[in-house]
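Working notes, beginning with the structure itself.
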Protein chains: 2
Amino acid sequence: MNIKDVSTKLDIPADTLRYWERVGVIPPVTRATSGYRDYQPADLDWCNFAKCMREAGVSIEALIEYIDLYQQGDSTTDTRKTLLEDQLATIQAKRDAVQATYDKLAYKIAHYGQHGLNPFAHKEEK
Amino acid sequence: MNIKDVSTKLDIPADTLRYWERVGVIPPVTRATSGYRDYQPADLDWCNFAKCMREAGVSIEALIEYIDLYQQGDSTTDTRKTLLEDQLATIQAKRDAVQATYDKLAYKIAHYGQHGLNPFAHKEEK
DNA sequence: ATAAACCTTGGAGTGGGCTTTAAGGCAAGG
DNA sequence: CCTTGCCTTAAAGCCCACTCCAAGGTTTAT
C-alpha cells in the first residue's frame, strides 16, 4: 500500500506520515525495491496508534520514546508498559477536564440569557 | 486583585493573562488609575472561562470571535449561542476521541505482552 | 529617599508540529 | 519513449500560542 492510499484510508496527510517516520513516532516503514514506502498491516497499525495518541494529546516526544523502547526489543517491555500507564493517566486527566468543560458549557447554553448563571464564574453570583 | 494574584489563583502565567487580553481572548480588564490591571470578579470569570475552553482544545481564534460578539452587546446573543453550540459539538467529538483512545490503551495495558491483541490494529489480527 | 518588588508596553524570540519547496527518480498508460 | 502522476529526500518555511526581554513607571517598606 503506497503512502497516498494510507493517507486517504487513515485520513492523515502524506507529509505527516513521512514526518512521523522521520522523527521516529512510528517505526521505519517497509520499503519496495524502488525505495518507495509499501505499508504493511503492521505499519498501518503503528500509524493508527500514533494517530489515536496524538488526537488524545500525547506529545510527539513521548511517542518517540515509546517507539525507541519498542525497537530495542523485549527487554524493554516493562518500561514500555510503565510509559503507557503514565500516558493513560495523562489522557484520563485530559478526558476529565474536557468533560468538565463540556458539562459547564452545556449548562451555559441551556440557560443562555438568564442572568447570573455563568457556570464559569469563579464564585456563585447571586 | 493584581495580575500576580490572579496568576497564582487560577494557575495561568501572568504573561498569558496579558497575551489573552491583548489579542481579545478576554475582554479588557479593569484598570487602577496607575494603569495597573485590577481584576474584578467578572474579569476572573472571563479568565476562568478562557482557561477551561483552551484546556478543552478551543482555539484562540474562536474565543476572540466569541468575545468580539459579546462586546457588541445583546444584539449578538443568538449568534453567540450558536457559536457556543458549535464549540460544544467540537468538544464532544474531542471527548469521544480521547475516551476511545483511553479505552483502547487501558485494554492494551491490561493485556500487555499477549500476542495478537493490539487494540490499535487496523483490522483484527487473528 | 532609596531599594525592592511590583507593574506597564511593544516587540522579539521560542517550541511544537507540521507543511511546503526544490530537485529529482520510478511506474503505468498510450 | 513520452507523458502523467506518483514517489523520494533534505532543508527551509510556517503557524499557533505563548514566553521572554528591554526600558521604564508605581508602590511599599525601611
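Only a predicted model underlies this, so the values are computations on that prediction, with no experimental measurement involved. Quick note on labels: first sequence line is chain A, next is B, and so on, each numbered from 1.
Atoms CG (B:Leu17) and P (C:dT9) sit 13 Å apart, rounded to a whole Å. In this entry the distance linking CG of A:Asp5 with C1' of D:dC7 reads 12 Å, nearest Å. Rounded to an integer number of Å, the gap from CD1 of A:Ile64 to P of C:dC18 is 11 Å. Across the protein-nucleic acid pair, A:Met1 atom CE and D:dC7 atom P stand 11 Å apart, rounded to whole Å. The distance between atom CD1 of A:Ile3 and atom P of C:dC26, rounded to the nearest whole Å, is 17 Å. As a whole-Å value, the separation of B:Tyr39 OH from C:dC6 P is 16 Å. Rounded to whole Å, atom C1' of C:dC26 lies 14 Å from atom CG of A:Asp38. C:dT8 atom C1' lies 13 Å from atom CG of B:Asn2, rounded to whole Å.
Other residues, nucleotides and ligands place more than 12 heavy atoms under 6.0 Å from the CD atom of B:Gln40.
Phosphate proximity of C:dT20 to A:Arg18: absent, as no side-chain N or O sits under 4.0 Å from OP1 or OP2. At least one side-chain nitrogen or oxygen of B:Arg37 sits closer than 4.0 Å to the OP1 or OP2 atom of C:dT8.
Between B:Thr30 and B:Asp38, the side chains place no donor N or O within less than 3.5 Å of an acceptor N or O (distance only, hydrogens not considered).
The main-chain N or O of B:Gln72 is never found under 3.5 Å from a side-chain atom of B:Thr76 such that the two would form a donor-acceptor pair. Of the possible polar contacts, none joining the B:Arg80 side chain to the B:Leu84 backbone as a donor-acceptor pair under 3.5 Å is found.
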List the atom pairs, with distances to 0.1 Å, where a side-chain N or O of residues 85-92 of chain A and a protein N or O form a donor-acceptor pair under 3.5 Å, not counting sequence neighbours.
unit_1	atom_1	unit_2	atom_2	d
A:Thr90	OG1	A:Asp86	O	3.1

Using a 3.5 Å cut-off and no angle test, enumerate the donor-acceptor pairs between side-chain atoms of residues 15-24 of chain A and protein atoms at least two apart in sequence or in another chain.
unit_1	atom_1	unit_2	atom_2	d
A:Asp15	OD1	A:Arg18	NH1	3.1
A:Glu21	OE1	A:Arg37	NE	2.6
A:Glu21	OE2	A:Val29	N	3.0
A:Glu21	OE2	A:Arg31	NH2	3.3

Nucleic acid footprint by protein, nucleotides 18-26 of chain D - heavy-atom cut-off 4.0 Å, B for base, S for sugar-phosphate alone: BBB----BB
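Figure legend: cation-pi geometry between B:Lys108 and A:Phe49, with NZ or CZ positioned under 6.0 Å from the six-membered ring centre and within 45° of its axis.
Between A:Ser59 and B:Lys4, it is B:Lys4 whose nearest contact on DNA chain C lies nearer the 5' terminus.
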